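Please read all numbers here as calculations on a predicted model, not as lab measurements. Computation of the quantities below employed the complete heavy-atom set of this structure, encompassing side-chain atoms and omitting hydrogens, waters and symmetry-equivalent molecules. For the single chain, residues carry numbers from 1 onward in sequence order.
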Amino acid sequence: KGQLVESGGGSVQAGGSLRLSCAYTGGTYSMAWFRQAPGKEREGVAGIELGTGHIYYSDSVKGRFTISRDSAKSTLYLHMNSLNPEDTGMYYCAAHSIGITYSLTWYLVTNYKYWGQGTQVNVSS
């Protein structure tokens with residue numbers, strides 16, 4: 001059974017930075033960060049593909065966020081720079097189901113098998 005635990009959330013001023021971490025167990029997977037604001041759908045922020053290491057970002061975070069993983073530590077990271085209030089939300093890490101092509105579907109919530117409990121990010125003006 002895969003387990004994921006996020007950490008690193010907090011409150012920052014616009015323009016600030018945070019680094020989120022996700023410790024995972026149960027195997028190796030393609031993984032992603034999602035976020036969800038109240039009243040809005042959960043959206044994919046960034047994904048990293050097992051094997052190839054290919055990285056994917058939503059248009060809204062390109063150039064500001066960086067996803068990475070430390071396989072030796074079984075930890076996924078999301079470095080967030082130049083944060084703005086629109087980045088506010090609960091951030092989740094997730095492990096992708098196998099047998100599904102990742103590149104064009106990394107952002108689909110339904111394709112992820114394991115989820116963490118989330119870590120809150122608040123960005124104020």
Side-chain angles (χ1 to χ4, degrees):
K1 181 179 179 181
Q3 293 184 321
L4 301 87
V5 180
E6 303 96 334
S7 62
S11 298
V12 297
Q13 294 287 115
S17 299
L18 286 172
R19 187 188 75 167
L20 307 184
S21 299
C22 173
Y24 59 90
T25 61
T28 56
Y29 319 87
S30 295
M31 299 185 71
W33 288 96
F34 287 76
R35 67 187 181 190
Q36 187 168 25
K40 299 182 68 176
E41 295 183 349
R42 190 169 299 186
E43 65 172 338
V45 175
I48 184 165
E49 186 173 13
L50 178 67
T52 66
H54 288 168
I55 290 172
Y56 306 89
Y57 295 103
S58 68
D59 289 340
S60 64
V61 307
K62 284 181 180 178
R64 300 189 298 121
F65 291 10
T66 302
I67 187 172
S68 63
R69 74 192 301 166
D70 186 335
S71 295
K73 294 183 177 180
S74 297
T75 302
L76 181 73
Y77 300 100
L78 185 68
H79 290 81
M80 305 185 295
N81 299 315
S82 302
L83 286 162
N84 58 61
E86 289 70 38
D87 296 315
T88 292
M90 185 72 74
Y91 282 69
Y92 302 89
C93 63
H96 199 261
S97 298
I98 62 173
I100 302 174
T101 302
Y102 191 75
S103 60
L104 299 178
T105 60
W106 70 268
Y107 55 88
L108 296 179
V109 169
T110 55
N111 285 348
Y112 288 80
K113 186 175 182 179
Y114 302 116
W115 293 84
Q117 294 298 306
T119 185
Q120 182 68 35
V121 172
N122 294 309
V123 185
S124 59
S125 301

(message) Using 30° and 60° as the class boundaries, would you call the ring planes of Y29 and Y114 parallel, tilted or perpendicular?
(response) perpendicular
(request) Could you tell me whether a side-chain N or O of S60 sits under 3.5 Å from a main-chain N or O of S58, the two making a donor and an acceptor? (result)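 Between the backbone of S58 and the side chain of S60 there is no qualifying donor-acceptor contact (under 3.5 Å).
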(message) Main chain of T101, side chain of T105: is a donor-acceptor contact present, judged purely on distance under 3.5 Å?
(response) yes
Should [X] and [Y] count as side-chain neighbours, where that means a heavy-atom distance under 4.5 Å?
X    : Y    : result
W33  : E6   : yes
V121 : M80  : yes
T119 : S7   : no
L83  : L18  : yes
E49  : W106 : no

(message) Show, in sequence, the C-alpha distance, side-chain angles and deciding distance for Y77 and L20, and conclude whether the side chain to side chain contact (heavy atoms under 4.5 Å, CB included) test is met.
(response) CA-CA 6 Å; Y77 300 100; L20 307 184; over 6 Å; no
Distance, nearest 0.5 Å, that separates [atom1] of [X] from [atom2] of [Y]:
X   : Y    : atom1 : atom2 : result
H79 : S68  : NE2   : OG    : 5.5 Å
Y57 : F65  : OH    : CZ    : 10.0 Å
S97 : L108 : OG    : CG    : 11.5 Å
Q3  : S74  : CD    : OG    : 12.5 Å
I67 : I48  : CD1   : CD1   : 5.5 Å
L76 : D70  : CG    : CG    : 10.5 Å

(message) Counting neighbours of CD1 on I98 that are heavy atoms of other residues, nucleotides or ligands and sit closer than 6.0 Å, is the number greater than 12?
(response)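 No, CD1 of I98 has 12 or fewer neighbouring heavy atoms, counting only those of other groups under 6.0 Å.
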(message) Can you see whether S124 engages Q13 through a side-chain donor-acceptor pair at a distance of less than 3.5 angstrom?
(response) yes
(message) If hydrophobic clusters are built from ILVMFWY residues whose side chains come within less than 4.5 Å, do V109 and Y107 share one?
(response) yes
(request) Report the C-alpha distance between M90 and R35 in whole Å, list the side-chain angles of each, state the deciding distance to 0.1 Å, and finish with yes or no for side chain to side chain contact (heavy atoms under 4.5 Å, CB included). (result) CA-CA 5 Å; M90 185 72 74; R35 67 187 181 190; over 6 Å; no
To check you understand the geometry: which heavy-atom pair defines the closest contact between [X] and [Y], and what is its length?
X    : Y    : value
D87  : S82  : OD2-O, 4.4 Å
V123 : T88  : N-OG1, 2.9 Å
C22  : M31  : SG-CE, 4.3 Å
V45  : L78  : CG1-CD2, 4.3 Å
P85  : S125 : CG-OG, 3.4 Å

(request) Evaluate side chain to side chain donor-acceptor pair (under 3.5 Å) for S17 paired with N81, printing each intermediate quantity in order. (result) CA-CA 4 Å; S17 299; N81 299 315; 2.9 Å; yes
(message) Working note: F34 + E43, criterion side chain to side chain contact (heavy atoms under 4.5 Å, CB included); need CA distance, chi angles, decisive distance, verdict.
(response) CA-CA 5 Å; F34 287 76; E43 65 172 338; 5.7 Å; no
(message) Given H96, which partner from the list Y112, Y56, Y24, W115 fulfils the ring-ring contact (aromatic ring centres under 6.0 Å, His included) test?
(response) Y112
